[in-house]
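Each chain gets a letter, A, B and so on, in the order its sequence line appears, and its residues count up from 1.
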Amino acid sequence: MARLTPDNQQRARELIALYPHSRSALIPILHLLQGQDGYLSEDGMGDVAELLGLTAAEVRGTATFYDMFHLEPVGRYVVAVCTNIACMLQGAYRLLEHAEERLGVAPGGTTGDGLFTLEDAECLALCGNAPCLTVNWRFFGDVDLGRFDTLVEDLRAGRLDDEVPPHGTLSRVQRATGLQAGGEGAAGAASEGVPAALPTHLDLDTRRTTAAVASMDAGHLEGGT
Amino acid sequence: MTVTDAPRIISARLGKPRSWTLETYLADGGYRGLRAALAMTPQQIHDHVNVANILGRGGAGFEAGRKWGMLRKAEPLYLTINGDESEPATFKDHALIEGDPHQLIEGSLICAYAIGADQVFIYTRGEFPLAIERLEAALNEAYAYGAVGRNIFGSEFSIDIVVHPGAGAYICGEETAMLESLEGKRGYPRIKPPHFPAAIGLYGAPTIVNNVETVSNLPWVVLNGGEAFAALGEGRSKGTKLIALAGHVKRPGNYELEWAKVSFRDLMYDPRLGGGIRDDNELKAFIPGGVSSPWLGPEHLDVLLANDAIAAVGSMAGSGSVIPMDHTTCTVRVAWRIVRFFHRESCGQCTPCREGSGWLEKILERIENGQGRESDLDLLMDICDNISPGVTWPPAQTTICVLGPSMPPAVAAGIRTFRDEYLAHIREGRCPLPPDRLPRKLAHV
Ligand SMILES: Cc1cc2nc3c(=O)[nH]c(=O)nc-3n(C[C@H](O)[C@H](O)[C@H](O)COP(=O)(O)O)c2cc1C
Ligand code: SF4
Ligand code: FES
C-alpha cells in the first residue's frame, strides 16, 4: 500500500473542490494519506503531488514542517504525553518516565511489536486535566501512573478500538454537501425546528475526557452558585 | 459561573449533554442571532460590534470592529477563523469548538455577513480530531437546516464554510503563518507590512482573521445589542472572557468571567473558581496571560482581570490563560520548559529566534542540572537582548513575528525576581527544589 486508493482519490478530488486554489487541499489530503497508511510514504506523496500539480519536493517540503505527519511508519498507537508547563507542574515528567519504563522505549521510539510509539508532546490544550496525553490524538486527562497502565492494557486488548481509531485517522465525519448546497434552506426558514432528515453520522459522545466535558466534570461552569 | 451575576455569553452550553448537536442548540434558542442579523444591514451589525468593543480574544486584543473597518475593498474577500489554539496552558477555544460548534458556526456566519466575505475557513488545530468531527457534523446539520450554503434562511445571503485542519505547528496560530498554511505551504509568518491580512491576506485577497472566542460572542451581541455587551466590564475590556486556569490550583478549568470585576485573588482562591492553591501551599508567582506574558507575583493578586489593569503592572491579558505556581516550583525549570517549547516551535526564519531559543534552552538546562556558571546569568540576558532589544515590555522586535520576543519574559522574570534561586543552583551544583534534575531522556528537538 502506498498510493491513494481509488476511494481516497475521489475524496481528495472533493477536497480540492472546496478551495479557490487546489494547493490549499494539500494538508487535508496528506491527512487522508496518513489515515490510509498510518504514515506518509514516498509513493503516496508522489501521488498527491501529481493530483495537485506540485513537485515531489513541494509536497515533502510542506509535510516535513508539520509535527503530525510521520514520514516513517509508526506504531499502531502513538502515545503523546504532554510535558508542557501545566502538565509539568502536575508531574508530567514522572508520567513520561513511567511511560518509557512501561513501554521500554524513549520518546520517538516504537515498541518491538509495532504497537506503541511514544512521544514527548507540547501543550495539547487539555491543561485543566493535567497531566494528560493523547493516543492517536484522542484525549485522556488526569492520567496517573495507575491509569496509564490500565490504558496500555486496554489498548493492547483492543478494548478502546471504538474510541481510538488507528493512527492517522483524523476526522471520521465527512462533509455531506458540496459547496453552496441549497438544500432545505427554505424549509429551515419556514419551520424553525430540527430538519426531519439529518445526515446520519457517527455517535460523537465519548467516555474519554474532552475539553468541554472536563469543565462539567469538575462542576465548573454550572449555572448559578 | 461568574462571581458577578453577569450572563454567560459564550459558555452557556458547555458541559450540557450533547451540547454539540443542532437539537440542543435550537432548544437553547440557537440560530436566532443569525436570523436577526440577516434582518439587519451589515453596517448595523458592524455598529453593534463597534459599540460592544469586542477585543480580539486570540491574544493581541485588537478591537474586532476596528479590524473589520480596515478591510481593503476588493473581491474576493475571505473570513478565516483562528482555531489553532496551541499556546501552552490555553484550552478555551478547544472547549468552545468541541462543546459548542454551532455557536462558532453561527458567529462565523454573522461575521461573514457583516464584512461581506465570499467564503469562510475555520482553521482548526489538527490535534483536535474530536473537535473537528463535531464541527463537521454540526456543519452538515447546519447545511441541512438551511443556515449555511445558498440563500440562507431564504435570504439573499449565500456562503460556504470549510473546516480546514492544521497538522501540528504552534506557529500556524500566528495569523499570517495560518494563511500560508491554509494555502498549503509551510507555516512561515509573513512580513507585516505589507502583509496585514485585512489588506493582503489569503491568496493576496483582503482577509479577516478572528479568533474562535471572538466570533462566538457575536450571536449574543446581535440578539442583545452592542450596548448590553458594553454594559459588562470596564474601560476597554467589555463583556466576558473565558479564562483558562491551569497549574497549581485545586480546581483548574475554564471559567467565563466578567472583565474587570474579578481579581487574580478571586480567580485563584474563590471556592467557586480556583478553590485555592494545591495543598494550601504558598503562591510563588503566576503567569497572567499565556507563557509569553511577563510573570506576576503575590503582590499582584488584587489586580483585576482586565486588559488595562494587567498592562499597568507590566504584563498582558493575552489569550486569557492563568498559571499559578506554588512555592515548591523551580523557576529555572519552568523557564527552561517555556524556552524549550519556543525552540521546538520556532519556524526558523529569523536568526535571533532560531539560534537564541536553542542557546537559552541549553544554558537553562545546564543551570538546572547544576553545571551552570555565574556568568551564565549575563549570557542569558544578553541572548534575550538580541531577541528583544532592551528586554522591555511590550517587547521590541528584531524578528518577523512575536514568537521570538515571547521568550525573554520567562527568563528575565527568573533572573530579575528569583536571582537567588538561579545562583543557588549554580553554587550548590544542584537544583535546590525537588525533583532535583531534569528527566534523563529528552526527546530530540
Ligand atoms: C506565535 C503566535 C501564535 C498565535 N497563536 C494564536 C492562536 O493559537 N489562536 C489565535 O486565535 N490567535 C493566535 N495568535 C494571534 C493571531 O496572530 C491573531 O492576532 C488572532 O488570531 C486575531 O484574532 P482576534 O483579533 O479575534 O484575536 C498568535 C500569535 C502569535 C504571534
Ligand atoms: S520570530 Fe521565530 S517563529 Fe517568528 S518568523 Fe521569526 S523565526 Fe519564525
Ligand atoms: S500543558 Fe499539557 S495540555 Fe496544556
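- Using cut-offs of 30° and 60° for the angle between ring planes, the B:H164 and A:Y19 rings count as perpendicular.
- Under the ring pair (Phe, Tyr, Trp, His ring centres under 6.0 Å) criterion, A:F116 pairs with A:Y77, sequence neighbours left out.
- Residues satisfying the ring pair (Phe, Tyr, Trp, His ring centres under 6.0 Å) criterion with B:Y170, sequence neighbours excluded, are B:F341.
- By number of non-hydrogen pairs under 4.5 angstrom with chain B, the leading residue of A:Q90, A:Q174, A:R138 is A:R138.
- For chain B, the nearby parts of A:L170 are the backbone and the side chain; heavy atoms of each come within less than 4.5 Å.
- Ionic pairing of B:E133 and A:R172 is present here: one or more N-O contacts between side-chain nitrogen and carboxylate oxygen are shorter than 4.0 angstrom.
- In terms of non-hydrogen atom pairs under 4.5 Å with chain B, the most contact-rich of A:C87, A:S22, A:C123, A:C82 is A:C123.
- The side-chain heavy atoms of B:L130 and A:F139, taken from C-beta on, include no pair separated by under 4.5 Å.
- Between B:C172 and A:Y66, some side-chain heavy-atom pair lies under the 4.5 Å cut-off.
- Between B:R337 and A:E122, at least one side-chain N (NZ, or NE/NH1/NH2) sits under 4.0 Å from a carboxylate O, which counts as a salt bridge.
- Residues A:H21 and B:L202 fail the side-chain proximity criterion, which asks for heavy atoms closer than 4.5 Å.
- Counting heavy-atom pairs closer than 4.5 Å to chain A, the top-ranked of the candidates B:S86, B:G348, B:G166, B:C330 is B:G166.
- Here the side chains of B:S181 and A:I27 are in contact, with some heavy-atom distance below 4.5 Å.
- In this structure, the portion of A:H31 lying under 4.5 Å from any heavy atom of chain B is its side chain and not its backbone.
- Using a 4.5 Å cut-off between heavy atoms, A:T83 contacts chain B through both its backbone and its side chain.
- For the set B:S321, B:A246, B:A169, B:P165, the entry with the most heavy-atom pairs within less than 4.5 Å of chain A is B:P165.
- For chain B, the option among A:D67, A:L118, A:N136 with the highest count of heavy-atom pairs below 4.5 Å is A:D67.
- A:A121 touches chain B through its backbone: at least one of N, CA, C or O sits under 4.5 Å from a heavy atom, while the side chain does not.
- Between B:K185 and A:L26, every side-chain heavy-atom pair lies at or beyond the 4.5 Å cut-off.
- Looking at heavy atoms from C-beta onward, B:V334 lies in side-chain contact with A:L89 at the 4.5 angstrom threshold.
- Residues B:Q119 and A:L179 are in side-chain contact: their nearest non-hydrogen atoms beyond the backbone lie under 4.5 Å apart.
- Considering only heavy-atom pairs separated by less than 4.5 Å from chain B, the leading option among A:P28, A:A25, A:A86 is A:P28.
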